[in-house]
*Asks:* 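Submitted below is the structure of interest, expressed as structure tokens.
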Amino acid sequence: MFSHLSEADQKIERLNALKQAGRALEPCPEKYGTMVEKVLKYFDAFYASLPGMPGYTTGTVDGIKKLRIGEAKSLELLLDLLADEMDKVGIHSASGRHMGYIPGGGLFTSALGDFIAAATNRYVGVAYSSPGAVAVENQIIRWLISLVGYGDDAHGNLTSGGSIANLIAVKTARDHHGINSGNVRKSVIYVTAHTHHCLHKAFNITGLHEAIIRFVPMNDRFEMNAEALREEIIRDKQQGLHPFFVAATAGTTDTGAIDPLDCIANICHDHHVWFHVDAAYGGFFMLVDALKEKFKGIERSDSVVLDPHKTLFIPYGSGVVLLRDKENLLTSFSHRASYMKDAYGMDEIDPADTGPELSRHFRGMRIWLPLHIHGIAPFKANLEEKIWLARYFYEGVKAMGLETGPSPALSVVIFRVPEEADNRLTQALVERLHGDGRVFLSSTTVMGKLWIRCAVVHFRTHVEEIDMALQMIREQFQLAISN
Ligand SMILES: *Cc1c(COP(=O)(O)O)cnc(C)c1O
């Protein structure tokens, strides 16, 4: 077909044809305006439905085939598809009636941050590529360093969540203590039964599952027993073992308990053990002045994890790890490859040197934008409100005659059907609550018993939602015990 053209002309022809065919990827300015309008319309409908949106809808997606990647479809059609197939079933995380696991909500201003980050597509791996974007990220890290109370030597990494943040801390501690295949079996890690399972994943990924992992006993408020920790460390040392890592938690996922950080800091200091604090859920409560005292000692830890997608209400996809001494972090994660030789020295630390990722989402923007637009005050108000709501909820379930766990240290409450040797009625109540779905609550096993958990975290959860939860529990509890 190109036979009458020279070879060079044929190539040009082909290039032009490909350019035309590929052009669809670049909408013209008028077109992206209308695309944004369509998405806004979808948001309008979504946000209008929020007040009546339940916490949970059981069921499965029946239009899965429609979601299959195939020929091009219009944005309108796709948004309708999402409204039908994605938005109707499951846990409604955007609803203030989501009180299971650890919710957060997802700030709209943070979604705008993601939009900006993706549309401009700044490369945030190394500072020379986008000094401004890296400065945005490092400013967030500095702000959090001051929240935790670390000094100028600290630094950190913005991660996709708490699991990767904990992994970075574990890898850094492992390297700092020189744990390797030769000595790992004599190395000792200390956790409690309520340490988040992502830490065990992190031990696994870093080869530390071969270390000795001791479960330190907890008191009746599910806080690590610091004296037992001290004794175990001393005993282990006497036996020629190498205690090197304590994983404390500031706000456990199960009950919101805060381990005695100040005492653990002393013990770790005395015995040269790495002191890690997993504050993925609890950490941002430090923004509330009246709660700051509960976290005393965290400033003496070696590493801390926080989850902005929990108690800072950012959409899923944001965790943070902070290291008190940035040299440890850089030692574990800094590399210079030959194809990175253009990475000229800048004042800012390169994010690629502080974690496992090189190219990644510019995830600082989704935190930076809301903090600037709203200021810190509404975050503080929301967190303080959650503390009071959790206490109110706790009194409410107690008054119904349900068995409760300890009074909430932060904003998690556990309860169950009282005086039950097996978990039958509590399990039946969980199923009834899920079937009801007005408010979503999850469950957990604590000390061999099944408990229902209410986590008051969401920025759209207010007293009305808590009253609705109490009403739902009252009704379903009556039905569960009358059957
Ligand atoms: C949620 C949570 C994690 C895990 O974080 P992800 O962001 O889900 O990966 C770790 N520790 C605690 C205490 C948590 O609450």
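In listed order, ligands and their atoms are each counted from 1.
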*Asks:* May I ask you to identify the nearest protein heavy atom to atom 10 (C) of ligand 1, giving residue, atom name and distance to one decimal place in Å?
*Replies:* His196 CG, 3.3 Å

*Asks:* Between Gly256, Gly161, Pro308, Ser163, flag the one that comes closest to atom 9 (O) of ligand 1 by a heavy atom.
*Replies:* Ser163

*Asks:* Out of Leu306, Asp307, Asp254, who is nearest to atom 7 (O) of ligand 1 when you count heavy atoms only?
*Replies:* Asp307

*Asks:* How far is atom 11 (N) of ligand 1 from its nearest protein heavy atom, and which residue and atom is that?
*Replies:* Asp278 OD2, 2.6 Å

*Asks:* Given Gly282, Gly104, Gly162, which one has a non-hydrogen atom that is nearest to atom 6 (P) of ligand 1?
*Replies:* Gly162

*Asks:* Have a look at Trp274 and tell me which of His176, His269, His242 forms a ring pair (Phe, Tyr, Trp, His ring centres under 6.0 Å) with it.
*Replies:* His176

*Asks:* Can you list the ligand 1 atoms lying under 4.0 Å from a non-hydrogen atom of Lys310?
*Replies:* 1 (C), 2 (C), 3 (C), 4 (C), 5 (O), 14 (C), 15 (O)

*Asks:* So if I apply the ring pair (Phe, Tyr, Trp, His ring centres under 6.0 Å) rule between His309 and each of Tyr101, Tyr316, Tyr281, which one comes out positive?
*Replies:* Tyr316

*Asks:* Between Glu348 and Arg142, does any side-chain N to carboxylate O distance fall below 4.0 Å?
*Replies:* yes

*Asks:* Measure from the side-chain N and O atoms of Asn328 to the backbone N and O of Thr172, and report whether any donor-acceptor pair falls under 3.5 Å.
*Replies:* no

*Asks:* Say whether Gly319 and ligand 1 are in contact under the criterion: heavy-atom distance to a ligand atom below 4.0 Å.
*Replies:* no

*Asks:* Mind checking the CZ-CG spacing from Phe459 to Leu107? Nearest 0.5 Å is all I need.
*Replies:* 5.0 Å

